[in-house]
Participant: 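First the structure, then my questions, so here it is.
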Amino acid sequence: MSADPARVPVPRTTGAESPAEVVAAVRRRAGPPAAWWGMVVLIASEATLFGAFIGTYYYLRFETPVWPPLGIPEPKVVVPLILIGCLALTAPPMLLAYRAAAAGRLRAARGYLVLALVVQAGYFAFEVHDFRDQLHTYGITRNAYSSIYYTLLGADHAHVLLGILFTAWLLAKLAGGLTTYRVNAAQAIAWYWVAVILLTFAVIGTLLSARV
Amino acid sequence: MTGRAARRTGPLIFLLAAVLLLAGCGNGQNALAPASHQSRDIADLFWWMMGGAWIGLAIVVALLFWSWKRRNRRGLGSDRAGEKPGERASWYVVVAAGIAMPIVVVATLFVISDIFVIQTTQAPASAATKLTVQVIGHQWWWEIRYPGTRAVTANEIHIPARTPVRVEVRGADVIHSFWVPELNRKIDAIPGRTNSIVLDADEAGRYRGQCAEFCGLQHAHMGFYVFADPPARFRSWLAHEATPAAPPSSALERTGQRLFMGGACSSCHTIRGTNAQGYVGPDLTHVADRTTLAALTLSNRRSDLAGWIGNAQHYKPGNQMPDLNLTASERQALVAYLEGLR
Amino acid sequence: MAVVVPPRPAGAEYVERLERQWASRPGVLGWLTTTDHKRIGLLYFWTTLAFFGAGGVEALIMRTQLSTPNEHIVSPGTYDELFSMHGITMIFFFIIPMTTGAFGNYLIPLMIGARDMAFPRMNALSYWIFLASGLFIYTSLFMGMAPNAGWFDYVPLASRQFDPGRNIDFYCLGIIFNSIASTLTAGQFIVTIFKSRAPGMSLNRMPLFCFAFLAASLGLLFALPVLSANTIFLFLDRNIGTHFFDPARGGSPLLWQHLFWIFGHPEVYILIVPAFGIATSIIPAFTQRRLTAFPLVAIAELLVVFIGFGVWAHHMFATGMPTISMVFFAAATAMVVIPSTIQVFAWCMSMVTGSARFRTPLLFIAGFIFMFVTGGLTGIMFLAIPFDQQVTDTYFIIAHFHYIIFGAAVFPIFGGMYFWFPKVTGRMYFERPGQISFWIIFVGTNLLFFPMHIVGLLGMTRRVYTYPGGLGWTAFNFAETVGGFITLVGILLLFGNLVVSYFRAPRADQDPWHGPTLEWTTTSPPPEYNFAVVPTVTSPYPNWDDADRERDRAKLARGVLVLDEGHEQPAVTPVDGRFAEIVEMPNESPWPVVLAISLALVFTMLLIEKYVIAGLMGILCLITLLAWSWKEPQE
């Protein structure tokens with residue numbers, strides 16, 4: 001009707017109906033979709049939030065002669081690093097899930113997501129357990145150190161939880177088939193996880209710097 | 001009157017008014033009536049900057065006026081594609097007046113004020129001053145201490161004239177700001193931290209200051225005086241201020257003292273040499289010597305004193321001193337006692 | 001007698017299909033569920049005007065109280081709430097949402113040749129969250145527990161110990177709530193500007209208005225999270241008992257100030273940069289000349305926000321910072337002057353070398369330049385640290401920032417209202433009352449704010465609910481109050497004029513000013529789909545490129561690039577603007593309103609300390625998001 005396709009070889013990506021059409025549309029479009037850019041913007045905002053938290057940590061540290069203050073144990077090294085290593089290992093499956101979805105391989109995509117989700121959920125469960133244990137040793141209201149420690153760590157865990165919800169949502173959506181919207185979502189969520197993992201490294205690094 | 005002309009005369013009238021009013025203004029709190037080397041440097045800086053600002057504004061106003069003169073020369077749709085009349089000249093103006101001139105001006109201003117003038121207004125080196133005064137900001141009064149002596153007073157600082165005095169400032173509760181513009185710039189009084197500033201009055205006199213950081217309900221009524229005294233007078237004042245309270249000398253005063261010690265007063269106020277030990281309100285050992293009450297809110301005349309002690313909330317609503325239900329004779333006795341605390 | 005049937009305009013059948021595809025749902029439900037950027041822009045417009053009125057009333061009550069010494073019109077506690085709410089309202093609920101939410105929303109898609117924003121439902125969400133956050137904070141005023149520690153709430157004054165009521169909790173939660181809306185809007189603009197431009201509009205062909213809004217959006221994106229972190233800390237200190245700001249336990253009151261001003265200084269640039277964008281739209285239209293030094297101005301708009309992130313501690317020069325730190329920040333402050341002076345002279349030279357038509361919009365821009373330069377010159381004075389330390393926290397500062405905010409943000413807003421009034425309403429406005437309203441406002445604001453420079457130097461500190469006589473402040477205060485009421489008269493005349501014009505003025509055609517940008521190529525008001533064909537763009541002044549507009553007419557006649565197979569618009573590559581894909585836009589949706597309400601419940605529960613219920617409301621939000629995301633745009 002509107003004489004476009006011959007003149008304008010540009011895909012109507014959201015109108016793609018079958019998986020094959022989706023794959024073709026996604027391959028032909030130029031550059032990442034708006035959804036991915038939206039995720040970049042969200043990540044920039046959240047990274048700035050963490051920047052403020054981390055900046056606060058160091059500001060308070062340099063105002064305090066003894067850090068951590070007397071009575072508070074230094075943060076542990078081994079377990080946090082192992083945990084975050086496990087979390088980092090979920091980045092490849094998330095990215096591969098996106099690649100599979102973009103290539104139309106729905107079953108592979110779902111498989112990667114299940115794998116990632118299990119590890120992410122396991123990580124989160126461990127961290128919540130650890131968090132509560134620590135709160136029994138010293139509470140958040142002890143002093144400035146404990147205030148920033150638990151706030152920074154808690155914010156990180158909250159972002160991991162959000163990522164888990166994202167992964168679960170994506171899995172549920174892909175159970176219903178493939179659309180461009182879902183491929184875009186897979187791309188955005190994969191990069192969300194990359195960002196959260198990098199942020200978690202920054203957070204753990206900051207908290208562990210108390211040992212220096 | 002044309003638009004541009006109107007735009008120029010308006011501010012000029014204000015400038016005139018400003019000059020007239022500032023020239024001899026003796027309110028004691030005038031940043032442009034400096035009474036110290038520091039304030040004078042700052043005031044001079046201001047006059048130069050203001051001159052420059054008027055010139056800068058005049059340039060822009062002249063351009064706006066010129067555009068008005070050249071208005072309506074061509075009609076709608078005269079934007080012949082790509083043609084931008086006077087573009088090259090405009091670039092020159094933008095680069096010269098918009099980049100080069102400001103760079104020169106701000107760089108000069110920066111060097112003069114932030115490399116040179118700042119050296120006089122920053123916190124003094126310890127060796128540079130002969131006397132230290134501690135000022136602690138409370139909601140809503142100033143505690144003044146003279147380390148090395150027992151002198152404690154409130155809302156009035158005495159310093160020797162023509163002597164650099166180090167003032168150490170901190171906040172007891174919230175952030176206040178110590179500001180006596182005729183002597184120096186302001187410095188915040190922050191809990192947990194001590195800041196310092198130098199006061200060096202050129203000549204004897206009374207200078208007015210005020211809290212300059214919003215600190216709650218009665219921030220507006222947290223003024224103070226700085227009295228620069230001739231050095232001999234200062235020494236005798238300090239010596240007197242360090243002495244304990246004069247004992248009551250009449251029956252009425254003794255009644256007043258009894259009421260003070262037995263009632264709520266002694267739990268908030270200190271009177272050195274008696275049992276009254278409280279830190280919520282100012283030290284009253286020599287309260288009768290002060291020129292004002294309640295941080296410059298009231299004078300220290302009998303009627304004001306009487307009004308204040310019965311009904312403090314009326315004059316300074318929200319301040320820490322509650323209304324006391326005093327009978328007339330109780331009030332009379334207390335006033336007599338307090339007036340005896342010279 | 002034969003009936004003469006007028007010939008159908010070329011391309012009429014395509015337009016009819018577009019009208020059907022894009023028809024908006026009628027009635028109140030249509031407005032509640034709208035995702036149309038123009039409708040959302042209008043919703044923002046009226047709501048922000050209501051808040052402007054509230055903020056103005058707050059100001060006039062304060063000015064009346066201060067007109068003479070020792071007045072008792074309001075109690076000290078009420079006065080503290082008034083000045084706090086005045087600042088909060090004007091900044092968070094008037095200027096930012098008026099410039100970004102109203103002007104930005106309405107005009108950006110039009111100026112870039114798009115049919116809507118990149119994420120229309122999220123756009124609606126921004127509005128409803130903004131409205132909810134405004135109602136949330138204003139509830140505090142009606143309950144007598146409005147924020148009362150200023151718009152910047154320094155601790156320890158704002159801590160639980162010294163401000164025990166709910167006032168500051170309203171502040172913390174209200175600010176965080178509001179910042180969600182602004183963050184979503186900022187992200188929206190950034191993605192839209194990069195991805196939704198008309199194909200062919202590379203970045204150097206984008207109107208300066210969009211550069212300004214891009215700069216402001218980037219500023220919001222990076223500044224707001226710092227404020228959120230700060231208010232989270234304050235909320236935790238007040239409600240959980242943490243010690244971020246408590247010096248007795250390792251915290252620091254100055255931490256609050258640093259974090260606040262790291263947000264707060266970029267915020268003031270965010271306030272004025274969109275207004276610069278409005279000025280750079282009005283000047284070309286009313287001088288019939290492309291703006292001088294376009295690349296310098298575009299870069300300056302971005303630079304001023306960028307450098308503005310590095311100057312924050314100049315708000316803290318009286319706190320006793322080490323000299324070296326202060327000198328660093330003074331140097332940065334010196335640098336931030338330059339992008340502003342570049343723009344001032346570019347605007348002035350455009351007006352000089354063009355053929356200026358001093359209609360009401362350009363009068364407001366001329367007034368803006370005057371006020372902005374006055375405020376900017378006092379701003380330059382503050383880089384002299386000793387002088388800053390003398391006048392900070394006095395009425396001199398109040399004069400400075402009101403010249404900047406009223407002059408450099410509100411004047412362009414007023415000018416922009418007149419400028420785009422024909423486009424939005426389809427009616428002209430009455431010119432003479434417009435000009436008179438400008439002059440009254442100009443005289444009023446100068447009388448109101450100029451004497452503040454003087455009283456500040458005479459020692460009058462800010463945030464005082466009264467002052468004593470005998471200090472030489474009375475006459476100036478009285479004059480300022482008179483100026484305030486004169487300004488009120490001018491503003492009432494301005495709005496009265498617009499209201500009467502809406503009903504009585506002659507109809508406007510699509511291009512009454514021969515304006516430069518794409519909104520002038522479509523009808524007044526624009527149709528839901530903005531443009532019948534995707535416009536051809538080869539310069540930042542598309543309405544002046546007659547050949548391109550001819551090409552568009554030809555495209556419409558042949559049905560090329562009409563994109564009427566659905567609710568469609570093109571997406572492009574971010575820099576070059578090459579055609580990337582055609583995307584389907586969502587229709588009306590109820591979920592943004594529902595999510596805003598759920599979020600309001602979360603914040604209300606947090607306010608009254610029902611944390612478990614707040615958590616449940618949070619789960620309600622997640623469920624709403626699930627419902628929202630379940631319907632994909634093409635369905």
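Chain letters run A, B, ... following the sequence lines, proteins first and then strands; every chain starts at 1. Predicted, not measured: the structure shown is a model, and the values here were computed from it.
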Participant: Hey, which of C/Thr287, C/Thr319, C/Val373, C/Leu291 has the most heavy atom pairs under 4.5 Å with chain B?
Facilitator: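 Looking at each of C/Thr287, C/Thr319, C/Val373, C/Leu291 in turn, C/Thr319 comes out on top.
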Participant: Applying side chain to side chain contact (heavy atoms under 4.5 Å, CB included), run through C/Leu458 and B/Gln29 and close with a yes or a no.
Facilitator: CA-CA 6 Å; C/Leu458 287 176; B/Gln29 200 165 311; over 6 Å; no
Participant: Is there a side chain to side chain contact (heavy atoms under 4.5 Å, CB included) between B/Leu109 and C/Met381? Walk through the geometry before answering.
Facilitator: CA-CA 8 Å; B/Leu109 178 60; C/Met381 293 185 194; 5.8 Å; no
Participant: How about B/Leu76 and C/Gln288: do any of their side-chain heavy atoms sit closer than 4.5 Å?
Facilitator: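 The answer is yes, as the side chains (C-beta and beyond) meet within the 4.5 Å cut-off.
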Participant: Of the listed residues (C/His514, C/Met335, C/Met316), which shares the most heavy-atom pairs with chain B below a 4.5 Å separation?
Facilitator: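 Going by pairs under 4.5 Å, I would pick C/His514.
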Participant: If you measure only the distance, is there a donor-acceptor pair under 3.5 Å linking the side chains of C/Gln390 and B/Arg185?
Facilitator: no
Participant: State, yes or no, whether a side-chain contact exists between B/Asn72 and C/Phe358 at a heavy-atom distance under 4.5 Å.
Facilitator: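 B/Asn72 does not reach C/Phe358 side chain to side chain.
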Participant: Taking the side chain as every heavy atom from C-beta outward, state whether C/Gln389 and B/Ile187 have any pair of such atoms under 4.5 Å apart.
Facilitator: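 Counting from C-beta outward, C/Gln389 and B/Ile187 never come under 4.5 Å.
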Participant: If I measure from the heavy atoms of chain C, does B/Ile112 come under 4.5 Å with its side chain, its backbone, both, or neither?
Facilitator: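 Looking at B/Ile112, nothing touches chain C.
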Participant: Indicate the atoms forming the closest heavy-atom contact of C/Thr292 with B/Trp91, along with that distance.
Facilitator: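 Minimum heavy-atom contact is CG2-N, 4.5 Å.
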Participant: Would you name the heavy atoms of C/Met321 and B/Gln122 that are closest together and state the gap between them?
Facilitator: O-NE2, 4.1 Å
Participant: Is it the side chain or the backbone of B/Ile190 that comes within 4.5 Å of chain C heavy atoms, both, or neither?
Facilitator: side chain
Participant: Taking side chain as everything from C-beta outward and backbone as N, CA, C, O, which of these in B/Ala53 sits under 4.5 Å from a heavy atom of chain C? Side chain, backbone, both or neither.
Facilitator: both
Participant: To the nearest 0.5 Å, what is the distance between CD1 on C/Ile454 and CG on B/Leu32?
Facilitator: 10.0 Å
Participant: In terms of heavy-atom proximity below 4.5 Å to chain B, should C/Val337 be classed as side chain, backbone, both, or neither?
Facilitator: side chain
Participant: Determine whether B/Pro191 and C/Pro156 make a side-chain contact, defined as any pair of heavy atoms from C-beta on separated by less than 4.5 Å.
Facilitator: yes
Participant: Please flag which part of B/Asp173 lies under 4.5 Å from any non-hydrogen atom of chain C: side chain, backbone, both or neither.
Facilitator: both
Participant: Determine whether the aromatic ring centres of B/His221 and C/Tyr465 lie less than 6.0 Å apart.
Facilitator: yes
Participant: Going from CZ on C/Arg357 to CZ on B/Arg74, what distance comes out if it is rounded to the nearest 0.5 angstrom?
Facilitator: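 One finds 11.5 Å between CZ of C/Arg357 and CZ of B/Arg74.
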Participant: Rounded to the nearest 0.5 Å, what separation is found between the OG atom of C/Ser350 and the NZ atom of B/Lys84?
Facilitator: 8.5 Å
Participant: Side chain, backbone, both or neither: which part of B/Gln139 has a heavy atom under 4.5 Å from chain C?
Facilitator: side chain
Participant: I need the single residue from C/Phe152, C/Trp151, C/Phe83 that forms a ring-ring contact (aromatic ring centres under 6.0 Å, His included) with B/Phe214. Which is it?
Facilitator: C/Phe83
Participant: If you look at every heavy atom in B/Ile42 and C/Pro386, which pair is closest and at what distance?
Facilitator: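 The answer is CD1-O, 3.5 Å.
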Participant: Closest approach of C/Leu383 and B/Asp114, non-hydrogen atoms and distance?
Facilitator: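 So the minimum-distance heavy-atom pair works out to O-OD2, 2.5 Å.
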Participant: Within the 4.5 Å heavy-atom criterion, are C/Leu157 and B/Ile175 side-chain neighbours or not?
Facilitator: no
Participant: Under a 3.5 Å distance rule, please check whether B/Ser67 uses its side chain to pair with a backbone N or O of C/Met351 as donor and acceptor.
Facilitator: no
Participant: Between C/Ile342, C/Thr374, C/Val344, which has the largest tally of heavy atom pairs under 4.5 Å with chain B?
Facilitator: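 Max contact count across the listed options: C/Ile342.
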Participant: Flag the pair C/Arg289 and B/Glu87 as a salt bridge only when some basic side-chain nitrogen lies within less than 4.0 angstrom of an acidic carboxylate oxygen.
Facilitator: yes
Participant: How far apart are the closest heavy atoms of B/Gln218 and C/Pro76, and which atoms are they?
Facilitator: NE2-CG, 3.7 Å
Participant: Taking the six-membered ring for Trp, are B/Phe46 and C/Phe387 parallel (under 30°), tilted (30 to 60°) or perpendicular (over 60°)?
Facilitator: parallel
Participant: Specify which of C/Trp473, C/Phe345, C/Tyr467 makes the most heavy-atom pairs with chain B at under 4.5 Å.
Facilitator: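 Among the listed options, the one with the most contacts to chain B is C/Phe345.
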Participant: For residues C/Ser355 and B/Arg71, determine if any side-chain heavy atom of one lies less than 4.5 Å from a side-chain heavy atom of the other.
Facilitator: no
Participant: Between C/Pro540 and chain B, which part of the residue has a heavy atom less than 4.5 Å away: side chain, backbone, both or neither?
Facilitator: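 For C/Pro540, there is no contact with chain B at all, as no heavy atom is under 4.5 Å.
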Participant: Can you check whether C/Gly354's main-chain N or O pairs, donor with acceptor, with B/Arg73's side chain at less than 3.5 Å?
Facilitator: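 Indeed, once roles are kept as given, a pair shorter than 3.5 Å links the two residues.
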Participant: Highest number of heavy-atom pairs under 4.5 Å with chain B: which of C/Ile380, C/Asn70, C/Thr392?
Facilitator: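 That would be C/Thr392.
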Participant: Would you indicate whether the side-chain heavy atoms of B/Ile99 and C/Thr341 approach each other to under 4.5 Å?
Facilitator: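 Not touching, per the 4.5 Å side-chain cut-off.
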Participant: Counting only non-hydrogen atoms closer than 4.5 Å, does B/Asn195 touch chain C with its backbone (N, CA, C, O), its side chain (CB onward), both, or neither?
Facilitator: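 Just its side chain gets close to chain C.
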Participant: For the residue pair B/Leu217 and C/Tyr79, establish whether any side-chain heavy-atom pair is separated by less than 4.5 Å.
Facilitator: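 No, every pair of side-chain atoms sits at 4.5 Å or beyond.
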Participant: Atom CZ in C/Phe382, atom CE in B/Met49: separation rounded to 0.5 Å?
Facilitator: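 Reported value, rounded in 0.5 Å steps: 8.5 Å.
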Participant: Could you have a look at C/Thr353, C/Thr378, C/Leu254 and say which one has the most heavy-atom pairs with chain B under 4.5 angstrom?
Facilitator: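 Sorted descending by pairs with chain B, the first entry is C/Thr353.
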Participant: Kindly determine whether C/Ile385 and B/Ser113 satisfy side chain to side chain contact (heavy atoms under 4.5 Å, CB included), including the steps that lead there.
Facilitator: CA-CA 7 Å; C/Ile385 296 168; B/Ser113 45; over 6 Å; no
Participant: Give me the atom names and distance for the closest heavy-atom approach of B/Leu64 to C/Ala366.
Facilitator: CD1-O, 3.8 Å
Participant: Measuring heavy-atom distances to chain C, does B/Leu63 have an atom under 4.5 Å in its side chain, in its backbone, in both, or in neither?
Facilitator: both
Participant: Examine whether an atom of C/Asp546 lies under 4.5 Å from a heavy atom of chain B, and if so say whether it belongs to the side chain, the backbone or both; otherwise answer neither.
Facilitator: neither
Participant: Does atom CZ of C/Arg462 have more than 12 heavy-atom neighbours, drawn from other residues, nucleotides or ligands, at distances under 6.0 Å?
Facilitator: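 Yes - once you tally the heavy atoms of other residues, nucleotides and ligands closer than 6.0 Å, there are more than 12.
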